[in-house]
Amino acid sequence: QVQLVESGGGLVQAGGSLRLSCAASGRTFTSYAMGWFRQAPGKEREFVAAITSNGGSTRYADSVKGRFTISRVNAKNTVYLQMSSLRPEDTAVYYCAAVRGYYGPSTSSQYNYWGQGTQVTVSA
């Protein structure tokens, strides 16, 4: 069982930056690939970024590539999402998710565990 707790959301102006954190419980964090997803009002949850269990490889949605960076510190059981050059269309609830295995898929249904989400609001 893995419990995930996100933090770091808030209100920021367009062009600004935020860093989200996701703290995981348990002693097997290194067995899980991690992903970030987001869901805007009236829209489906969408993939943002994923990182392999050892942090060696990452992948991003085209909409955030070059602006967002996913990373993890396994010694701290934490995964991060550094968001820069934020746009109003990035406004959403951001969720971190864990899936047992090496690779982090882009399909939300493949993830086993989810955090409660953190709100990110980008004003124009």
Side-chain angles (χ1 to χ4, degrees):
Q1 189 79 5
V2 176
Q3 292 184 324
L4 304 172
V5 179
E6 301 99 334
S7 61
L11 174 64
V12 64
Q13 288 187 331
S17 299
L18 278 176
R19 188 177 80 157
L20 306 183
S21 299
C22 174
S25 66
R27 296 176 291 177
T28 59
F29 184 64
T30 54
S31 298
Y32 291 84
M34 301 296 295
W36 284 96
F37 290 78
R38 66 187 182 186
Q39 188 166 18
K43 294 187 176 181
E44 293 189 354
R45 191 169 297 188
E46 65 173 1
F47 171 75
V48 175
I51 189 166
T52 53
S53 56
N54 67 353
S57 181
T58 58
R59 58 189 301 185
Y60 298 91
D62 288 343
S63 59
V64 307
K65 203 171 293 183
R67 301 187 298 122
F68 291 11
T69 302
I70 187 171
S71 62
R72 65 190 293 165
V73 178
N74 284 346
K76 294 185 177 180
N77 280 16
T78 303
V79 62
Y80 303 95
L81 185 68
Q82 177 67 48
M83 305 185 295
S84 303
S85 301
L86 283 162
R87 305 166 180 168
E89 54 264 39
D90 294 318
T91 295
V93 177
Y94 283 72
Y95 299 89
C96 73
V99 57
R100 194 170 183 85
Y102 179 71
Y103 286 105
S106 60
T107 306
S108 60
S109 60
Q110 294 182 267
Y111 284 79
N112 308 115
Y113 303 101
W114 292 83
Q116 82 289 349
T118 186
Q119 176 71 47
V120 172
T121 303
V122 184
S123 62

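Everything numeric here is computed off the predicted structure, so don't read it as measured data. Along the sequence shown, residues carry numbers from 1.
Here the closest non-hydrogen pair linking Val2 and Ala24 is CG1-CB, 4.3 Å. The two residues Pro105 and Gln110 make their nearest non-hydrogen contact at CB-OE1, 3.3 Å. Shortest non-hydrogen contact noted between Ala98 and Tyr32 is CB-CD2, 4.0 Å. The minimum heavy-atom distance linking Ser85 with Ser17 is given by the pair N-OG, 4.4 Å. Looking at every heavy atom in both residues, Val79 comes nearest to Ser71 through CG2-O, 3.1 Å. Across every non-hydrogen atom of Met83 and Val120, the tightest pair is CE-CG2, 3.9 Å.
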May I have the step-by-step check of side chain to side chain contact (heavy atoms under 4.5 Å, CB included) for Arg67 and Tyr60, ending in yes or no? CA-CA 10 Å; Arg67 301 187 298 122; Tyr60 298 91; over 6 Å; no

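Residues Arg38 and Val64 meet the side-chain proximity criterion, which asks for heavy atoms closer than 4.5 Å. You'll find the side chain of Phe68 stays beyond 4.5 Å of the side chain of Leu18, heavy atoms only. Considering only heavy atoms from C-beta on, Phe29 stays 4.5 Å or farther from Lys76 through its side chain. Arg19 is listed as a side-chain neighbour of Tyr80, based on a closest heavy-atom distance under 4.5 Å. Looking only at side-chain heavy atoms (C-beta outward), Tyr95 and Leu4 stay at 4.5 Å or farther from each other. Using a 4.5 Å heavy-atom cutoff, the side chains of Tyr111 and Phe37 are in contact.
Residue Tyr102 places its OH atom among more than 12 non-hydrogen atoms of other residues, nucleotides or ligands, all under 6.0 Å distant. Heavy atoms of other residues, nucleotides or ligands lying less than 6.0 angstrom from CD of Gln116 number more than 12. The environment of Gln13 atom CD is sparse: at most 12 non-hydrogen atoms of other residues, nucleotides or ligands sit within 6.0 angstrom.
If you take CD1 on Ile70 and SG on Cys96, they are separated by 9.0 Å, rounding to the nearest 0.5 Å. We find the CD-OG1 distance between Gln119 and Thr91 to be 7.5 Å, quoted to the nearest 0.5 Å. A distance of 4.5 Å separates CG in Leu20 from CH2 in Trp36, rounded to the nearest 0.5 Å. Distance OG1/Thr78 to CE/Met34: 9.0 Å, rounded to 0.5 Å. In this structure, SG on Cys22 lies 10.0 Å from CZ on Arg72, to the nearest 0.5 angstrom. Put simply, OG1 on Thr107 and CZ on Arg45 are 13.5 Å apart, with the number rounded to the nearest 0.5 Å.
Connection of Trp114 to Phe47 is established within a shared hydrophobic cluster, with ILVMFWY side chains joined at heavy-atom distances below 4.5 Å, either directly or through further cluster members.
Between the side chain of Asn74 and the main chain of Ser53, a donor-acceptor pair closer than 3.5 Å is present. The backbone N or O of Gln3 sits less than 3.5 Å from a side-chain atom of Ser25, completing a donor-acceptor pair.
The pair Asp62-Lys65 counts as a salt bridge, with a side-chain nitrogen and a carboxylate oxygen less than 4.0 angstrom apart.
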